[in-house]
Amino acid sequence: MSDHAAQHDDTAGHDHAHGGLGKYLAVFLALCVLTTMSFFTYSAAWPWRDQPQVGWAFMLAVSCTKAMLVVLFFMHVWWEANWKYVLTIPAAMMALFLVIMLIPDIGLRNRMVSQERALHMARPSDVLLLERAGEGGRSKSSAH
Amino acid sequence: MSSPAISVPHDHGHHDHGHHDDGHHDDGHHGHLKLQYQPGLPLSRGKLIMWLFLSTEIMFFAALLGSYIVLRFGAAVWPKPHHVHLSEPIGAFNTFVLICSSVTVVLALEAARANKTGLAKFWMLTTLLLGALFLGVKGYEYQAKFSHGIYPAAPHGRIYERPDLYYGSAVRARLGEPAIIDRLKQLDDTPAADLTEQEVAARAALQQVRTMVADTNQQAFEMAVVADQIMPLPADGPGSEAHGGHAQGINDVFPWLQLPIVIPGGNMWASTYFLLTGFHAVHVVVGLIVFAVLLGYTLGPKNAGMIENAGLYWHFVDLVWIFLFPLLYLF
Amino acid sequence: MNRLGGIFWGLVFLAVPVLGVAVFAVAPAINVWLPKDISAHGYQIDSLFYFILALTGVVFIATELLLFWFIWKYDAARGERKATYIQGSHTLEVVWTIIPAATLLFLAIYQMNAWANVKMRRPDMPPTVEVVARQFEWRLRYPGRDGVLGTADDLHLVNDLHLPVDEEILVQLKSMDVLHSFFLPNLRIKQDAVPGMKIPVWFRATETGGFDIVCAELCGWGHYKMKGRITFVSRPEFDAWLDRKYSEQEATQPVAEAVGEMAVR
Amino acid sequence: MSTVTAPVSTEHGHPPASQHSVSTFLSTYVFSKDHKVIGLQFLFSTLLWFLIGGLLALAVRWQVAWPWSDVPVVGKLFAQQGGQMSPEFYTMLFTMHATVMIFLVIIPILAGAFGNFLIPLMIGADDMAFPTLNMLSYWFMWPAFIAFGASFFVEGGAASSGWTSYPPLSTNVASSPGSGWGQTLWLIGLTFVGVSSMLGSVNYMTTIILMRAPGMTMFRLPMTIWAMFITAVLQAFALPVLTAAGFMQMSDRMFSTGFFTPENNIVNNAVAGPGGGQPLLWQHLFWFYSHPAVYIMILPAMGMVSDILTCFARKPLFGYRPMVYSIAGIAGLGFIVWGHHMFMSGMNPALGITFMVSTMMIALPSAVKTFNWLGTVWGGRIQFTTAMLFALSFVSMFIIGGLSGIFMAATPVDIFIHDTYFIVAHFHYVLFAGTAMGVWAAIYFWFPKMFGRTMNEFWGKVHFFLTFVFLNGTFFTMHILGAVGFPRRLADAYHYETFHHLQPMNAFMTYCAIGMVASQIIFAVNFFWSMFYGPVAGRNPWNANGLEWTAPSPPGHGNFDVQPVVYRGPYEYSVPGVEKDHLMQTDPPNAAAAAAAASAH
Ligand code: HEA
Ligand code: HEA
Ligand code: CUA
Ligand SMILES: [Cu+2]
């Protein structure tokens with residue numbers, strides 16, 4: 001820490017003009033609203049209830065917007081030079097590339113799955129089974 | 001080389017005074033020359049190294065999150081949040097807490113720059129408290145998982161993937177443990193009058209479970225019924241009331257039972273959930289330590305750089321949560 | 001540094017390409033070379049090997065000789081000449097980027113077919129045999145008389161793989177515990193066995209005889225001794241062998257059953 | 001030429017020496033924040049581990065050549081079977097050999113020792129940007145030293161699943177009986193190495209970006225610095241992925257999570273855990289780091305060799321900018337080729353094709369580098385110093401190692417040679433014959449700057465000659481062993497019909513390996529002797545032109561006694577029309593001033 005401590009922020013001068021309570025509060029409100037918006041996918045008004053992918057895409061878009069807001073305003077990137085993208089964009093690209101390359105072997109691992117494994121793997125039918133057991137079984141014993 | 005002949009050709013503006021005025025180093029200074037440097041990027045060393053560090057953190061969380069994404073979307077079944085006692089409102093509340101703390105830390109920075117040291121301290125303290133609150137809520141959530149037996153642990157967690165023979169024999173084995181046999185006997189002998197209505201019902205259900213698993217020739221559906229009695233999976237989709245929305249299982253009524261439970265996909269869920277939130281929590285803890293240290297300083301313009309760097313780190317922690325929250329709680 | 005220095009070191013560096021080439025020239029003669037290839041596809045791999053050997057051989061000899069030549073010629077002890085002041089050459093840079101780029105791109109495209117033949121163009125047929133790797137043995141399962149894997153009449157064996165010659169073989173490769181690798185040096189086949197995955201491996205042998213099955217992925221202390229044998233025989237012989245093994249198994253049903261249980265579970 | 005030496009440096013070095021000597025000793029030599037001291041700490045530690053790694057290699061070689069025969073001398077130490085090696089011990093040997101060599105020798109000697117020592121000196125800074133962090137990055141190596149070292153002595157022995165540590169072998173305690181702590185300690189050690197490297201790399205980047213001497217623009221940086229800079233970028237971006245994967249593996253081992261194990265993974269007749277994951281996930285994450293890591297293990301050597309070649313060829317570097325761009329190209333491409341280690345792993349074969357193409361392409365920047373080195377030597381005035389010989393051999397050997405990489409990059413050929421000694425030959429050529437030779441070049445070259453004295457040239461050359469001969473004897477032969485398909489990691493392969501005739505060849509290689517390790521005695525003696533009794537070196541014994549040569553040898557605290565100002569690029573050798581055969585980076589532009597400066601020297 002002491003090393004950091006030593007660094008007086010001599011560029012602080014740049015930032016003084018920016019920011020300000022009002023802007024931060026606006027960003028804060030936007031973040032809160034966006035967070036609440038993620039829940040929109042759960043509401044009855046959401047049209048794509050049987051296509052979860054749409055909801056996921058929506059929520060990721062919301063998250064990315066939130067991330068942008070935090071990076072741009074709270075992390076002051078909006079007011080500063082673009083050099084920070086030099087670091088973060090390649091990192092983000094590499095991260096994305098890693099995930100994409102993981103898809104065929106891990107994301108689609110069930111394509112090559114062995115019977116021994118499949119036999120012990122949870123299946124959607126198990127969930128149905130449990131749900132059916134829930135309806136039948138609980139009404140029988142009626143714990144509630 | 002004759003030193004006087006060389007004069008520094010340009011004045012390098014404000015950012016290359018860059019000598020580290022490191023406190024620990026100061027006593028050594030009179031010994032050597034104060035060097036001047038070529039202008040590099042228009043920012044302080046502290047800020048640069050912090051951004052570089054954050055880039056490495058991006059890769060760290062990319063590996064964790066990336067693994068989570070492919071493991072999850074490759075799985076045949078993934079539990080719904082309710083199956084694993086994950087509560088969206090609590091998660092959303094924690095998101096809110098972190099957003100607030102992100103605001104307070106910028107406010108602390110602004111206050112410090114404006115030389116309002118008292119105010120800066122106040123905001124810093126608020127940030128610290130918000131961070132602690134976040135951890136507290138996290139701890140509460142963990143506790144809820146643990147108490148339901150939702151964790152991966154050697155040699156086995158209590159989560160079973162499918163209501164099959166293996167599950168049945170695991171329940172049988174648990175019921176056959178000497179300590180449990182005693183408790184069961186005790187329970188059987190308790191007159192119904194001494195029990196609540198719920199307990200009586202649960203006792204009946206338990207009786208049913210015991211006979212069902214005793215028969216080694218069970219069908220999958222019977223095991224599903226057993227699993228449902230022990231810890232029911234809520235059948236309702238999204239939109240239902242959150243935690244507690246499910247009916248109480250035997251495990252909930254008699255916590256000492258700790259019978260194995262069935263959550264399809266639950267083991268991998270638990271593994272990734274604890275991995276991701278665990279490492280996020282570790283980062284929060286580090287942030288709190290930093291804030292605690294900062295509180296020991298005068299938070300004026302002189303130390304604004306420190307606050308800014310700590311803030312950058314804190315915003316990053318917030319950023320990770322911004323992605324964790326929907327991925328873990330809402331998807 | 002005296003004059004001898006340059007000459008001496010020049011020769012030391014010259015020895016690298018000279019002896020290097022010599023080693024590769026002598027190796028086949030002393031039978032330290034690619035083992036006999038008995039597969040239908042192996043020639044593609046071997047010829048690619050030779051092609052790359054020739055290509056890299058040329059690059060190797062050329063660069064090493066240049067290095068030797070420069071060491072020899074530009075020894076400081078040779079006269080009081082000043083070094084050439086040259087910062088680089090744009091043309092040269094372009095040339096020695098483009099030529100290797102073209103070569104390598106060609107190589108990349110040229111080999112795709114061989115790769116696809118061995119790993120991507122899976123023959124459309126039921127598996128001939130299932131190979132399940134396990135610490136430290138190869139468990140084999142033949143479909144038995146009904147020709148379907150996974151039924152009660154499967155034939156179970158360990159380490160002793162017999163297959164018909166001149167026929168397309170599809171092996172279904174699995175592992176029970178850790179990673180192993182199914183390596184058939186004489187068939188130019190290698191494929192890791194991964195627990196939880198079933199991986200198809202196909203080949204066609206062109207010669208009869210017995211050959212090694214090597215485990216080529218570290219799988220624990222006994223990795224070195226995880227040896228199997230693969231024997232190619234003619235179809236009639238194979239059928240006879242299968243029959244014999246089958247009756248042996250029936251005679252000792254309970255034992256074989258237990259082995260089978262293990263292999264599936 | 002002035003010979004300002006040690007006295008000056010002590011004057012500058014530790015002013016408060018007289019006051020409290022114990023704490024000064026600690027803060028000067030042990031918990032020092034001076035980049036030079038930290039660099040030397042790294043150097044000594046890594047050389048020590050180099051020795052250990054080399055001895056482990058000898059034990060490996062012994063078993064391969066004469067399986068199950070009594071191990072001489074040390075045999076009694078691990079007397080499992082009366083001096084004879086057990087197969088599980090063999091797996092530990094090569095695992096720890098590779099772990100030590102890679103994580104405790106090559107990476108820290110390049111980035112830690114030379115990165116630390118050279119970066120501030122060559123860019124004209126008085127220290128790293130964050131000296132305390134720098135000190136921590138050294139001290140974070142110690143838990144790793146201890147963890148790796150201790151792992152030999154714990155119950156069940158050291159890690160034994162190869163340096164690649166593939167699960168489920170590594171995650172499943174039952175799969176290698178008795179291996180309780182070894183693998184866990186390995187993971188702990190790896191984490192600390194990771195933290196150390198991460199701290200180092202962000203610090204180096206900051207230093208190189210912000211603390212260059214006036215006039216030292218990015219394109220006036222010596223290649224060493226460029227290489228160190230890009231290596232730091234590689235580390236910063238690749239390492240966290242391994243750290244994350246390491247934590248996942250640790251959790252698989254300790255909490256039976258199943259990131260890397262499938263369902264129903266039966267080892268030794270027992271189900272291992274709930275599973276649910278995929279073994280290939282580890283391989284992807286591991287190689288996402290470890291492929292860039294092989295470039296982390298060679299780029300700094302490439303940079304240093306470039307500097308040494310120019311100095312002793314008395315010529316500018318051929319194609320400075322292409323050299324810089326090719327390093328960047330290697331780094332960039334290095335991130336998208338990791339799958340070439342997994343061609344046979346069960347990875348999707350279509351994915352294999354994309355990785356094959358990118359792997360082929362990564363030979364391009366390497367080609368550019370190789371040809372530019374040749375161009376640098378061409379037309380020079382070569383001085384055969386020990387450092388130069390090692391640098392030349394780096395080029396010569398890297399070509400061999402690189403070309404064998406092409407065989408493996410060709411997926412169909414890799415089917416046959418994957419996991420054979422062909423691979424072992426490949427990576428020893430790039431790692432040992434390449435990087436280690438580069439490191440020796442750098443040691444001989446910068447030794448005067450480190451200790452103020454030069455190493456003995458005659459014994460240096462003897463060391464070079466013996467190492468060069470023996471290394472080729474050991475490793476070149478491995479290519480043809482690989483061509484037979486001789487598998488790696490086998491304690492004894494002679495019971496296979498295919499390989500039974502290869503024992504004499506292996507015996508030959510082992511003799512050479514013994515010779516190679518024995519030759520290092522010459523080096524060790526020369527090194528320590530020269531530290532105290534070698535001929536005193538001036539500031540610039542090689543007439544090189546980098547900034548580090550304007551500082552005293554060894555440089556005092558703060559490095560420079562004169563503010564360095566840079567007027568030119570790093571390779572101004574044999575400039576036409578200039579009398580002197582080299583112009584320092586600090587020599588002012590006009591000829592008159594240059595001449596004046598020359599006479600002032
Ligand atoms: C410093 C370390 C280093 C370096 C620099 C390299 C460089 C390269 N490596 Fe290597 N590699 C390792 C260390 C290294 N490697 C290690 C440690 C392993 C094994 C890990 C393990 O399994 O334990 C390995 C394994 C390995 C494999 C996996 C093999 C297998 O397990 O089956 C492959 C496959 O493609 C590969 C390829 C390459 C290629 C194409 C290069 C290229 O970068 C080489 C480029 C250079 C040249 C090509 C030479 C110079 C160029 C010319 C003279 C121009 C003309 C050339 C042509 C036109 C061909 N390497
Ligand atoms: C940088 C990496 C590096 C280096 C330098 C070496 C060096 C050597 N290696 Fe190794 N090796 C690997 C990395 C390295 N290796 C890796 C990654 C593997 C794969 C492991 C796996 O499969 O998981 C491997 C595997 C491996 C095998 C294959 C084992 C098997 O698969 O069964 C063999 C076999 O011959 C071998 C031999 C050698 C030999 C003889 C040396 C010799 O060159 C060693 C020579 C040693 C010295 C010359 C020591 C010198 C000492 C000093 C200089 C100190 C002086 C001291 C002072 C001044 C204080 N190594
Ligand atoms: Cu099985 Cu190695
Ligand atoms: Cu690689």
Side-chain angles (χ1 to χ4, degrees), chain C residues 1 5 9 13 16 23 27 32-35 45 48-49 52 56 59-60 63-64 66-67 70 74-76 82-85 87-88 93 96-97 100-101 104 107-108 111-112 114-115 118-120 176-179 185 188 190-192 194-197 199 212 214 216 218-221 224 227, chain D residues 87-88 91 162 166 168-169 175-176 262 265-267 279 314-316 318-319 322 344-346 349 353 357 360 363-364 367-368 371 374 377-384 396 399 403 406-407 410-413 415-416 418-419 476 480 483-485 487 489-492 496-498 574-576:
Chain C
M1 234 48 59
W9 297 120
F13 279 90
V16 173
V23 167
V32 185
W33 199 237
L34 301 174
I45 292 177
L48 192 61
F49 180 87
I52 299 178
T56 53
V59 176
F60 168 66
T63 46
E64 298 286 354
L66 270 181
L67 192 62
F70 294 158
Y74 300 112
D75 180 358
K82 226 180 167 180
T84 327
Y85 182 84
Q87 299 267 13
E93 300 289 348
W96 65 44
T97 311
L104 290 166
L107 196 57
Q111 62 178 279
M112 283 180 187
W115 174 249
V118 186
K119 297 278 178 188
M120 293 170 86
M176 275 172 68
D177 40 32
V178 299
L179 300 176
R188 310 293 188 260
K190 188 177 286 133
Q191 176 59 58
D192 283 11
V194 184
M197 283 173 86
I199 302 175
D212 281 324
V214 184
L218 179 63
C219 53
W221 68 269
Y224 75 100
K227 174 162 101 171
Chain D
E88 57 269 35
T91 56
Y166 283 178
L169 185 62
S175 64
S176 27
N265 188 217
I266 303 173
V267 180
R314 313 307 297 168
K315 256 194 82 196
F318 201 89
M344 303 307 128
S345 69
I353 289 195
V357 176
M360 289 283 170
L364 278 185
V368 171
F371 294 132
L374 289 176
V377 188
W378 165 70
R381 265 189 98 243
I382 303 172
Q383 301 168 356
F384 292 99
S396 168
I399 292 173
L403 291 176
I406 304 296
F407 287 78
T411 42
V413 177
I415 295 174
F416 183 63
H418 170 69
D419 267 337
F476 201 85
I480 55 175
V484 191
R489 294 174 169 177
L490 251 59
D492 172 8
Y496 285 104
E497 188 187 65
T498 323
S574 307
V575 182

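Letters A, B, ... are given to chains in the order of the sequence lines, protein chains preceding strands, and every chain is numbered from 1.
- The parts of C:Leu48 that come within reach of chain D are both its backbone and its side chain, each placing non-hydrogen atoms under 4.5 angstrom from that chain.
- For the set D:Pro576, D:Pro487, D:Gly162, the count of heavy-atom pairs under 4.5 angstrom toward chain C peaks at D:Pro576.
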Exercise. C:Thr56 and D:Phe407: side-chain contact (heavy atoms from CB on, under 4.5 Å), yes or no, with the steps?
Worked result: CA-CA 9 Å; C:Thr56 53; D:Phe407 287 78; 3.4 Å; yes
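- Annotation: maximal heavy-atom pairing with chain C below 4.5 Å, among D:Pro262, D:Pro168, D:Pro412, occurs at D:Pro412.
- In this structure, chain D has a heavy atom under 4.5 Å from the side chain of C:Glu93, while its backbone stays farther away.
- In this structure, CE in D:Met360 is found 7.5 Å from OG1 in D:Thr411, a value given to the nearest 0.5 Å.
- Highest contact tally toward chain C, considering only D:Leu374, D:Val267, D:Val368, is held by D:Leu374 [criterion: heavy-atom pairs under 4.5 Å].
- Both the backbone and the side chain of C:Val32 come within less than 4.5 Å of a heavy atom of chain D.
- Of all non-hydrogen atoms in D:Ile382 and C:Phe70, the two that sit nearest each other are CD1-O, 3.5 Å.
- For D:Thr91, the part lying under 4.5 angstrom from a heavy atom of chain C is the side chain only.
- For D:Pro349, the parts lying near chain C are the backbone and the side chain together; criterion is any non-hydrogen pair under 4.5 Å.
- Judged purely by atom type and a 3.5 angstrom limit, C:Asp212 uses its side chain to pair as donor or acceptor with the backbone of D:Glu497.
- Of the possible donor and acceptor atoms, one in the side chain of D:Ser574 sits under 3.5 Å from a partner among the backbone N and O of D:Arg314.
- C:Val214 touches chain D through backbone and side chain together, each having a heavy atom under 4.5 Å away.
- Residue D:Phe476 touches chain C through its side chain alone, counting heavy-atom pairs closer than 4.5 Å.
- Only the side chain of D:Ile399 comes within less than 4.5 Å of a heavy atom of chain C; its backbone N, CA, C and O stay farther away.
- The aromatic rings of D:Phe318 and D:Trp378 sit perpendicular, their planes meeting at an angle over 60°, well past the 30° parallel limit.
- When the salt bridge (Lys or Arg N to Asp or Glu O under 4.0 Å) test is applied to D:Asp492, no partner is found at least two apart in sequence or on another chain.
- In terms of heavy-atom pairs under 4.5 angstrom with chain D, the leader among C:Thr97, C:Leu107, C:Thr63 is C:Thr63.
- Relative orientation of the C:Trp33 and C:Phe49 rings is perpendicular, given thresholds of 30° and 60° on the angle between their planes.
- A search for salt bridge (Lys or Arg N to Asp or Glu O under 4.0 Å) contacts involving D:Asp419 returns D:Arg488, not counting sequence neighbours.
- Per-residue counts of heavy-atom pairs under 4.5 Å with chain D were compared for C:Pro195, C:Ala27, C:Ala101, C:Cys219; the largest is that of C:Pro195.
- Chain C forms more heavy-atom pairs under 4.5 Å with one residue of D:Ser396, D:Gly346, D:Ala363 than with any other, namely D:Ser396.
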